[in-house]
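Worth saying up front: this structure is predicted, and the values here are computed from it rather than measured. Chain identifiers are assigned alphabetically (A, B, ...) following the order of the sequence lines, protein sequences preceding nucleic acid strands; residue numbering begins at 1 within each chain.
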Number of protein chains: 2
Amino acid sequence: MLKEERHQFILNEVRIHNRVLLTDIADLLNVSVDTVRRDIKELHNSQQLKKVHGGAISLGFNNYNPIGKKIYSLEKKSQIAEKALGLIKEGQVILLSGGTTNLELARRLPSKIQLTCFTPSLPIAVQLLGKTNVEVIFIGGRMSKDSQIAVGGSAINMLSEIKVDICFLGTNSIHPIEGLTEFDWEIVQMKKAMIHSSRKVVSPCISEKIGSLQRYKICGVEEVDVLITELEPWDIKLDVFKNMNIQLL
Amino acid sequence: MLKEERHQFILNEVRIHNRVLLTDIADLLNVSVDTVRRDIKELHNSQQLKKVHGGAISLGFNNYNPIGKKIYSLEKKSQIAEKALGLIKEGQVILLSGGTTNLELARRLPSKIQLTCFTPSLPIAVQLLGKTNVEVIFIGGRMSKDSQIAVGGSAINMLSEIKVDICFLGTNSIHPIEGLTEFDWEIVQMKKAMIHSSRKVVSPCISEKIGSLQRYKICGVEEVDVLITELEPWDIKLDVFKNMNIQLL
DNA sequence: TTAAAAATTGCATTAAACTGCAATTAATGC
DNA sequence: GCATTAATTGCAGTTTAATGCAATTTTTAA
């Protein structure tokens, strides 16, 4: 394995987890800890991460999570976020709804890729502001204390004035017949507006939410262009999705 | 767990709760109290929190400081914020521009008082969301990475649609003849719009900024209803303010 | 004043960092 | 190709840092 590859690997790990342990990396790459130590030292000298006793942390290390809630199924959400990353191309304009999966996606956006990113979510905005080349536009409005996203008339109004390439629509429930549903009426309104403002709708959704149903309807399944779960497409049992014009990832 | 992570964790706890108990942290992190004590000592030495018997408190009881910039003149700003608090009455609608003084003010808003609060500042919004009875409305728009406030057309547009009781207009320069001035043109536009949307304009301003001048003009002194500094009114030398219809606090 | 909690100090243990060196691998010129 | 040079890597021995524990002093609050 080339040194450069190790460097990239380490940086990637740091980007994703905000931290790495020297011993973990040595294990994963099957090299001695000394080698990893030297790698980290170099990356430290070139200001790409911060070397600390026992490993390294990302430069703008900010584990600040304004929601302050525990993120469940973090592992799955991370996998989903990784897949979602693949859909984003340099120069695009994207829209991130709230939710912890999208927060994970925001964390992972590489700093160097140039993007314009709309979001009504406070924690996501905080994350994005740390990315040098991402232009952040906050969809303002009355803040819902619970979800920490902007809702209400002026937020929806602001959404009505934009058109983005991709919307990553965090999804709490997706049902093959009933479509996307949501517990909170105000958030339903927001999500409807978001769909309306997007050329392409991507739903990151952990598999256990497939088939579940909540109080209010956002839209039918046909409105979703891509459904991303942590499973491999062929593992998704519900054939109904396969018959529809929806890409599974 | 890396030392750095513990440090971040402790700082985070301090940010959220304003104070932490040493034993709580030791429990939460599963390390000895000695370790936490050493951590807190280091953070104290690097001015990131204040070590007290039994734990630590946030500096001057303040600050979510996302950019990691040092808050200058914190003590003065705290005094100003305390004075500003006295102007706010139950049920009012207020508007907080950005700036660290207003951030201090936001931190100090009592949770029990019912308020509606507009702001285009991300760190201030984060603070306010922690206050149970404060309704937060975020003025959305393109986020300035530097100041972490929303600027640009849609923010100004949103401002044009509101009318608040009091605007707390963080002020970088106030000059008896030239009025309020600012370095950043986009922020000037925001502040102009804020003044326009307010029945009463309050300028919290540390005394050393009185008399200074910057590139762009926001408004004349006559537009300001109240000027708050950390000094007692009779200590403010510039008589010019006393001849104008401006209240000194 | 006094008992309990916390801070300090010194010390032992462990893990990680550093150093120099030899072995290996990759790069270069011929 | 092939030999020479330079860079990379792993190892052993040593040094340094991190952490927890126990004994002692200080602070706090009843």
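Look at A:E104 and A:R107 and you find a salt bridge, because one of the NZ, NE, NH1 or NH2 atoms lies within 4.0 Å of a carboxylate O, short of that distance. Salt-bridge annotation for A:R38 and A:E42: absent, with no side-chain N of the basic residue lying under 4.0 Å from a carboxylate O of the acidic one. The existence of a salt bridge linking B:D39 and B:R6 is confirmed by a sub-4.0 Å separation between a basic side-chain nitrogen and an acidic carboxylate oxygen. Between B:K145 and A:E135, none of the side-chain N atoms (NZ, or NE/NH1/NH2) sits under 4.0 Å from a carboxylate O, so this pair counts as no salt bridge.
B:R37 places its CZ atom 5 Å from the C1' atom of C:dA7, with the value rounded to the nearest Å. Look at CG on A:D24: it is 14 Å from C1' on C:dA16, rounded to the nearest Å. Rounding to whole angstrom units, CG of residue A:L22 and C1' of D:dG10 are separated by 14 Å. When rounded to the nearest whole Å, the span between NE2 of A:H7 and C1' of D:dA7 equals 13 Å. One atom, NZ of B:K41, and another, P of C:dA7, lie 10 Å apart when rounded to the nearest Å. Between B:E4 atom CD and C:dA16 atom P there is a gap of 17 Å when expressed in whole angstrom units. Going from atom CG of A:D27 over to atom P of D:dG10 covers 13 Å, rounded to whole Å.
Atom NZ of A:K50 has 12 or fewer heavy atoms from other residues, nucleotides or ligands within 6.0 Å.
Of all nucleotides present, only C:dT25 satisfies the Watson-Crick or G-U wobble test against D:dA6, with each distance under 3.5 Å.
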Between protein and nucleotides 14-27 of chain D, map the contacts as a letter string: B base, S sugar-phosphate only, - none, heavy atoms under 4.0 Å, written 5' to 3'. ---SSBBBB----S
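Counted by atom type alone, B:E230 and B:S207 present one or more donor-acceptor pairs between their side chains at under 3.5 Å.
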